[in-house]
Amino acid sequence: MLPPKTPLANAYYRVLKRLWRKGPTSVPALFKELDLSRALGDRLIDQMAQEGVAGPDPDTGHLRILESYGTVLGLHMGTRTVSAALVSFTGELLLTKDFPYPEQGTPLVQAILGAVARMEPFIRPPAAPPMRGVAVSLPGIVDPYRLVLLESNPLRLFEPLPLKEALGRPLGRPITVENDANCCCWGEAVLHRKQNLGNFLYILAEQRPHTIGEQKLSFQNFAVGFGLYLNGSVYHGTRFSAGEFQSIFRSDPLQRNQFSITDQEMARSHDDPKVEEVIARELSRHAALLVNTLNLDRVYISWPRPERVSRIVEILREEIQRNWSYNHQVECSVELPTMGLLAPAYGAAGLHLESLFQTADGPAPYFPGKN
Amino acid sequence: MPTPLGLPPKTMPNLNTFRILSLVWKRRSISRIEVAAELGLTKSTVTKITGQLLADGLVIEAPVTKAEGRGRPRVALSLNQDKGLVLGLEIRTDGWSSVLIRFDGTVVRSDRGARTWDPRNLAQDWGDLLETLAASPPGGAPVLGVGLACPGIVDARSGVLIRSNPLDLQTPLALGLMLEERLGLPVTLENDANCGCWGELAFGASPLPGPFLFVLCEDRRHRTDEPGPHRVAAVGFGLVLGGKPWWGPDHSAGEFSSVLKGTAVDRSLQFNLSDQQMARVFEDPGTQAVLVEELGRNVAMLVNFLNLKAVYVAWPPSGDGEAVRREFLRLISSNWLYPTPVACAVSAPTGGAEAVAWGAAGYFLEVLWGDSSFEEAQPRWK
């Protein structure tokens, strides 16, 4: 177990953060970069070696974080499926699994505990290093500091659901929770942590089954959430609801989808490229406003139908330029998520690791019985 | 360009001096003990620095404050408001507004005028105007510097106007330096809507409401040199995130074009209204209502997406600003997905009709002695 984050342990975490962010380095270079005395530095390295979290690379002798130290399990709780990603302490994706969400009506906490239990057989040592944390990606408004799901339309939760003790006690492992689109931002930030990604928008578009009770209409709904990454961190807003989206073209409050089209039209979106194009165009116009008003460097777009994604990217690029008032080209790249559909689960684990190694304020994993 | 008021450079050995000045400026009146507690400085450091500031006449001991409970009453420190004035100037395509303010934001004189600008001659024209406005300040207090606000993409750190459609400028112009040389005074240059934000940050509500949006809507000539009285509703946004205006890496944050703008060739630059509709937008209530709804929907999207706490809407005096703000509130609520109501206030700018010029002067003061940890507000003056 890593030491608690006391001021005395600050140097310990500075070393880990350096290794996490920039990769292996020689010990003298490390001491120089972090301005550590040799006595303190040697003590920290001994402590890390004893705990098994960092050690020398057998080929180069450079100090590095050891993959064998442990893993973090990232879970994305969709409305009908659960995605799991096992990620090493060096940020490598080790294993993925998808399985159906438990029976409708299963409480969320039970569903998460069930998902962890379902993954346990695959991730026990020696098959994998010990699991040292569980990170959960959720659709809805999440307070990642207090680990509370505040509200969630997709999960039909309209009262705050505290998850700290509810998950921490039974799992006995450090816990992180975060909104799904925000997890996607964290994932890209972790995967590209050696470079500066700048400020970016992440568009998480998913197709989720949706049923409207009275009309008995079941359809694949395009559900969209945004994540915004500014100045090296996810932007949460004052009440953690930043990124929630509803189209400003929408005028009929009786329609249940986020766009201007009717639910009947939305029901056809899976099979009708024209409807899908209307959705993509509408979504892209909103993204364009955000890109230009916030002067963003890049946009990641995750689209549920891979065969359509190149057309969607084209639309997004067109709309970003069309929304710009000046003659010159907007300098904003449009990219596909590095982890594809695994992005929320991977990103949850990425946030867990990022916050574990950070020294500044930010969302931090909950250690049962410790904080 | 020398630093105004004989202030030392904002570098390492002097940082505590600026931290103290900034705190005294923001709090208006504060005791030495409160300064020490708030900045984590020893009492002797605070006494030494404030002693020098008192000797220089920058800070005065204000009337004795009532101490709560027992003990000696505390002496409060304030900035010496007689030490100088700051000139704030807002440039529009067809006119200008200016204010002369004290350090606490009190306006001692405001002026405005109508005129257009030759994009090839901006430094000359603005220099002439500033020279006139700074020439005879009331009460004899000197003008210490100029905060200038203009439409377009501005690199405020270096004082460069990068581009401006309204001013028909497509190549960068280092106006900050040019005007400093002309006037012999320090000059800051910032985008007009961002100056609206600076006004709220410098002189508005305390504590700040949290992240906010400043919507600057002006009834003005479309481009400064365009023939005829072609008027438009021109909108710019200023966004305050994390306690300061968000500039973006290219300084173009806040540039606005409506999500609802269609693809027809006759659409105006920023809205889905045609050029013809736009020409009479502030004369025809029906067209103005269409504009308000379109802008309000865009604002609602930003408020909910960014989870903002406040919106300040500066609306032309010819329109009904109160009705506009009510409509924005309604649209913000209707764009929200959840049962919990949106907690966002919509109000008029604290600086009223002169909010932009006022904020330009506020930005000058932020640069002059603002929080030294705010690296974006480092002065160029040494």
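What you see is a predicted model; the values in this text were computed from it and never measured. In what follows, every heavy atom counts, from backbone to side chain, and hydrogens, waters and symmetry copies are set aside.
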Quick one: closest heavy-atom pair of [X] and [Y], and the distance?
X: A:Ser247; Y: B:Asn335; result: O-ND2, 4.1 Å
X: A:Gly140; Y: B:Tyr338; result: CA-OH, 3.7 Å
X: B:Asn307; Y: A:His236; result: OD1-O, 3.8 Å
X: A:Asn323; Y: B:Ser258; result: ND2-O, 4.0 Å
X: B:Glu255; Y: A:Trp324; result: CB-CZ3, 3.7 Å
X: B:Pro339; Y: A:Glu151; result: CD-OE2, 3.4 Å

Sort [X] into side chain, backbone, both or neither according to what part of it lies under 4.5 angstrom from a heavy atom of chain A.
X: B:Thr263; answer: both
X: B:Ile153; answer: both
X: B:Phe305; answer: both
X: B:Leu239; answer: side chain
X: B:Thr340; answer: both

Quick one: pull up [atom1] in [X] and [atom2] in [Y] and give me the separation to the nearest 0.5 Å.
X: B:Ser252; Y: A:His328; atom1: OG; atom2: NE2; value: 6.5 Å
X: A:Ile248; Y: B:Asn298; atom1: CD1; atom2: CG; value: 4.0 Å
X: B:His251; Y: A:Asn295; atom1: NE2; atom2: CG; value: 8.5 Å
X: A:Arg285; Y: B:Ser257; atom1: CZ; atom2: OG; value: 10.0 Å
X: A:Glu244; Y: B:Met301; atom1: CD; atom2: CE; value: 11.5 Å

Contact part of [X] toward chain B, heavy-atom cut-off under 4.5 Å: side chain, backbone, both or neither?
X: A:Leu290; value: side chain
X: A:Tyr235; value: side chain
X: A:Leu294; value: both
X: A:Asn153; value: both
X: A:Ser284; value: neither
X: A:Tyr326; value: both

Exceeds 12 heavy-atom contacts within 6.0 angstrom, atom [atom1] of [X]:
X: B:Arg120; atom1: CZ; result: no
X: A:Glu318; atom1: CD; result: yes
X: A:Gln195; atom1: CD; result: yes
X: A:Arg298; atom1: CZ; result: yes
X: A:Asp35; atom1: CG; result: no

With a 4.5 Å cut-off on side-chain heavy atoms, are B:Leu306 and A:Leu228 touching?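 Of all side-chain heavy-atom pairs linking B:Leu306 with A:Leu228, at least one is under 4.5 Å.
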Do you know which of B:Arg163, B:Lys309, B:Gln170, B:Lys261 has the most heavy-atom pairs under 4.5 Å to chain A?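 The residue among B:Arg163, B:Lys309, B:Gln170, B:Lys261 with the greatest pair count is B:Arg163.
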Looking at B:Gly242, B:Gly210, B:Gly254, which has the largest count of heavy-atom pairs under 4.5 Å with chain A?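 Among B:Gly242, B:Gly210, B:Gly254, the one with the most close pairs to chain A is B:Gly254.
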Selection from [options] maximising heavy-atom pairs under 4.5 Å formed with chain B:
options: A:Leu296, A:Leu289, A:Thr238; answer: A:Thr238
options: A:Leu150, A:Ile141, A:Val291; answer: A:Ile141
options: A:Asp297, A:Leu230, A:Asn327; answer: A:Leu230

